[in-house]
Amino acid sequence: MMETTTTISDIRNSKISINIAENREQFGKKFTEYIIDITTSTGHEYTIARRFSEFYSLYELLVHNYQIQFPFPAKKLNKLNSNIIEIRKKALQDFLKFLVIHPSASVRKSDDVLRFLDQNTANFNNKLIKEKLTFEQVNQKKKSVKLELSIVEGKEFKLHKKSMWDIVSYCIFDVGHEPIDGQKSTKKTPIIAGPYPRWSYKTKVTIKASEQQKTLYFKVFNQESTLSITPSGGNGGSSSSFSSNSMGNGGSGILEEHNSGSVTINTKDCKVDLIGSCSVDVDKLQITNQSPTLHVLHLEPEGSGEILISLLLL
């Protein structure tokens with residue numbers, strides 16, 4: 001009798017758990033496989049095995065394509081250590097749970113997630129196409145190189161004499177020279193409150209082969225803002241205004257207190273302060289058309305924060 005297989009269309013109502021981590025050896029190399037037990041919404045049960053590198057490949061794809069934010073465990077040299085395996089097992093279980101309950105159906109139903117959990121996928125990888133091309137190869141053959149850039153998030157932004165929780169930031173970037181806010185070639189992320197902004201900004205970048213500096217430049221700014229709250233109940237109601245300095249803890253207290261009205265964050269004609277800047281030489285990165293690569297860029301001055309970006313060669 002042939003074994004039946006089941007295709008998952010949405011993992012929301014599935015039960016997915018990691019109960020066992022087993023050390024294995026193949027072609028002289030030792031590694032750990034995490035055994036994943038899956039029960040679909042229809043009650044079908046099956047088991048798959050995935051290595052840490054396969055989990056990380058899925059994470060890279062989802063960060064680039066959907067700008068997900070998850071504290072994925074770091075790669076370790078002593079990966080066969082029993083303590084590290086146990087810590088990873090818990091973190092990977094949390095990652096799967098994060099995907100199951102993710103509010104976006106696009107993430108839960110993505111081809112990447114479904115292919116990862118498919119029992120017919122022998123080995124999962126983040127290679128999008130078979131023929132691999134590098135930035136250097138394309139740069140030598142064509143007049144310009146096109147990249148897909150995701151500015152995913154910022155972390156631990158700090159500004160002198162200002163609470164982290166009062167920061168309302170955005171990021172601008174340009175190719176070959178420092179970005180100038182308002183200039184046509186300079187692009188800008190949404191404005192997000194808090195020291196850990198989730199910009200989730202995705203765009204395409206063209207780098208000319210003739211350019212001497214194949215560099216992406218980034219600047220992060222704090223945008224002072226005024227929060228206007230209009231109570232519900234009609235046009236005749238009065239409104240209240242608060243500066244961003246009074247929005248403690250990201251403004252959550254104010255939003256809860258006035259949740260029956262409409263809230264507007266006004267940044268027009270408000271003061272702008274530079275949090276920090278950074279740059280990255282694209283030709284020094286290992287960018288390919290097969291899979292996205294993640295890069296953490298530290299802002300200058302030192303200690304002012306960092307941004308997470310992802311790049312893919314088109």
Verify, without hydrogens or angle tests, whether [X] (side chain) and [Y] (backbone) share a donor-acceptor contact under 3.5 angstrom.
X    : Y    : result
N81  : N83  : yes
T121 : N123 : no
R108 : H102 : yes
T186 : G182 : no
S104 : S106 : yes
N222 : I275 : no
Q93  : I18  : yes

Between [Y] and [X], is there a side-chain heavy-atom distance shorter than 4.5 Å?
X    : Y    : value
L99  : L62  : yes
F221 : I172 : yes
D111 : R115 : no
E153 : K155 : yes
L299 : V220 : yes
L96  : F116 : yes
H295 : T293 : yes
L312 : H64  : yes

**OP:** Take D112 and Y66 through the side chain to side chain donor-acceptor pair (under 3.5 Å) test and state the conclusion after the steps.
**Re:** CA-CA 11 Å; D112 304 321; Y66 302 100; 5.2 Å; no
For [X] against [Y], the heavy-atom pair lying closest together:
X    : Y    : result
P197 : S169 : CG-OG, 3.4 Å
P190 : Y170 : O-CB, 3.6 Å
S14  : S41  : OG-N, 4.0 Å
H298 : E306 : CE1-OE1, 3.2 Å
I307 : F157 : CG2-CZ, 4.1 Å
I287 : L147 : CG2-CD2, 4.1 Å

Subject >> Stepwise side chain to side chain contact (heavy atoms under 4.5 Å, CB included) check, F98 with I68 >> reply: CA-CA 10 Å; F98 165 81; I68 68 164; 4.0 Å; yes
Within the 6.0 Å centroid threshold, strictly below: [X] and [Y]:
X    : Y    : result
Y34  : F52  : no
F173 : Y217 : no
F72  : F95  : yes

Hydrophobic clusters here meaning ILVMFWY residues chained together by side-chain heavy-atom distances under 4.5 Å, can you tell me if [X] and [Y] are in one?
X    : Y    : value
I192 : V168 : no
L308 : V282 : no
L61  : F70  : yes
Y196 : I151 : no
V63  : Y56  : yes

Original post:
Can you tell which of R24, R50, K89 makes a salt bridge (charged side-chain N to carboxylate O under 4.0 Å, His left out) with E33?
Top reply: R24
Subject >> D37 and S17: CA distance, side-chain angles, deciding distance, side chain to side chain donor-acceptor pair (under 3.5 Å) verdict >> reply: CA-CA 5 Å; D37 295 323; S17 61; 4.5 Å; no
Original post:
Taking NZ, NE, NH1 and NH2 as the nitrogens, is one of them in E156 or K158 under 4.0 Å from a carboxylate oxygen of the other?
Top reply: no
Subject >> Pair E54 + R51, salt bridge at N-O below 4.0 Å >> reply: no
Subject >> Which residues share a salt bridge (charged side-chain N to carboxylate O under 4.0 Å, His left out) with E148, sequence neighbours left out >> reply: K202
Original post:
Should we count CD of E136 as having more than 12 external heavy atoms under 6.0 Å?
Top reply: no
Subject >> Derivation of the side chain to side chain contact (heavy atoms under 4.5 Å, CB included) call for L311 and L216 >> reply: CA-CA 11 Å; L311 289 166; L216 295 176; 4.2 Å; yes
Subject >> Candidates Q67, K187, K188 - the one meeting side chain to side chain contact (heavy atoms under 4.5 Å, CB included) with Y201 >> reply: K187
